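Please read all numbers here as calculations on a predicted model, not as lab measurements. Every number for a ligand or one of its atoms is a count from 1 in the order of the listing.
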Amino acid sequence: MNYPQLDVYVNKIEENAKKLKKELDSKNIKLTAVVKGFAGDTNVFSAYQRAGIKSIADSRIENIQKFRKSGYQGEALMLRIPMPSEIEEIVNNVDVSLVTELKTAALISDKAEVLNKEIDLIIMVDIGDRREGVLAADLEDLALKIEAMNNVTLKGIGTNLGCFAGIIPDEKNTNKLIKIKKELENKIGRKLDILSAGNTATLRLLKDQYLAQEITNLRVGEAILLGTDIINESLLDGFNHYNFRLQAEIVELKEKPSDPEGEMAFGGQGRGQIIEDKGLRRRAILAVGKQDIDYNGLYPGLEGVKVLGCSSDHLITDVTEVDQKLEVGDVLTFKINYSAMLRAMTSQYVTKNYIE
Ligand SMILES: *Cc1c(COP(=O)(O)O)cnc(C)c1O
């Protein structure tokens, strides 16, 4: 039994990483490859090493520890604001951490001193997305306090957009970040190496000469893994797209009324999905579920397949419009988005098939 199966085009991910590195190198921008999308899988990780990536970032310290154990000696950046309870693991395994809290920075400094390590810090500034970050008004205070700490070096500032509120990185907010960095440099009396301006969605801003010159670092995940930019809803030119494909097996195939029958729970709203009464429809149930994928991120390869919904272990599709004859036991293939990839890579029930 192999299904559900995830085909992972490691070769195409390697090509994407190489391409992006070359592009950013030519603009003097350091690429930090964000590898949090594949649950610490060392087969996928090796593609980044073959591509010559020298700086990686992950949001889970367990993944970084795994990469270190597998022999990775390049730069590792802690992407998620550290938990106070994981400081020792962080100090032992990473070179750089993003921070927003004085308490956490102080814990890193203390632990680094005890363990005789040096850790670089980048302060994240919230310029609108309202996920992590200090507000601009509070930046100077935190920066000056970090400057006074032992065994940590303030390397620069960064921001993240598009993740909580879905705020798009644009000329306006990126220029604001550049200004904030310059003001901070004046206050602390030295230049900062790093302006870490964002993620995949920030890439398109590099067409602007001034921005490309001021941005010194980008933390990029999705562009390499999937060749897509979900925030700007685009396929990135010249990249390999959808390098993860899901295959799942049909376990039930029947004509059924599309309209449910009986009293609907949750105040008549049911599970919240929109159900249209289209009369009798041909339905295929596939053996894959919420435990393995995010069904909102499935794009069927076969024309006519429509994803209707999903429970923990069953994916419900409408295949009435499919021309070819389907049978129980047939396998359907889907391109998948970032969130479905993340879950499929994390699920132990999904067989990984690496294409090298
Ligand atoms: C996930 C993440 C990234 C990478 O985002 P992509 O859209 O995958 O390029 C960058 N920075 C931070 C802080 C993140 O959490």
- Message: Which of the numbered atoms in ligand 1 are under 4.0 angstrom from any heavy atom belonging to Glu132?
- Response: 13 (C)

- Message: Assess, by modelled atom type and distance only, whether the side chains of Asn199 and Asn160 contain a donor and an acceptor separated by less than 3.5 Å.
- Response: yes

- Going by the order shown, which atoms of ligand 1 are within less than 4.0 Å of some heavy atom of Thr200? 6 (P), 7 (O), 9 (O)

- Atom indices of ligand 1, in the order listed, that fall short of 4.0 Å to a heavy atom of Glu222: 6 (P), 8 (O), 9 (O)

- Task: Could you check atom 12 (C) of ligand 1 against the protein and tell me its nearest heavy-atom contact, residue, atom and distance included?
- Result: Asn160 OD1, 3.4 Å

- Query: Are any of the heavy atoms in Arg131 under 4.0 Å away from ligand 1?
  - Reply: yes

- Message: Just so I know, are the side chains of Tyr242 and Tyr299 near enough to count as touching, which here means a heavy-atom distance under 4.5 Å?
- Response: yes

- Message: Would you compute the distance between atom CD of Gln5 and atom OG1 of Thr333 and round it to the nearest 0.5 angstrom?
- Response: 9.0 Å

- Per-atom contacts of ligand 1 with Val220, taking only distances under 4.0 Å to non-hydrogen atoms: 9 (O)

- Message: For the 3.5 Å polar cut-off, considering only N or O atoms, please tell me whether Gly221 and ligand 1 meet it.
- Response: yes

- Message: Distance under 4.0 Å to a non-hydrogen atom of Lys36: what atoms of ligand 1 satisfy this?
- Response: 1 (C), 2 (C), 3 (C), 14 (C), 15 (O)

- Message: Checking side-chain contact (heavy atoms from CB on, under 4.5 Å) between Phe334 and each of Leu286, Ile293, Val288, which is the one that passes?
- Response: Leu286

- Approximate separation, where rounding is to 0.5 Å, of Leu342 CG and Phe38 CZ: 11.0 Å

- Query: Glu185 versus Arg190: any side-chain heavy-atom pair under 4.5 Å?
  - Reply: no

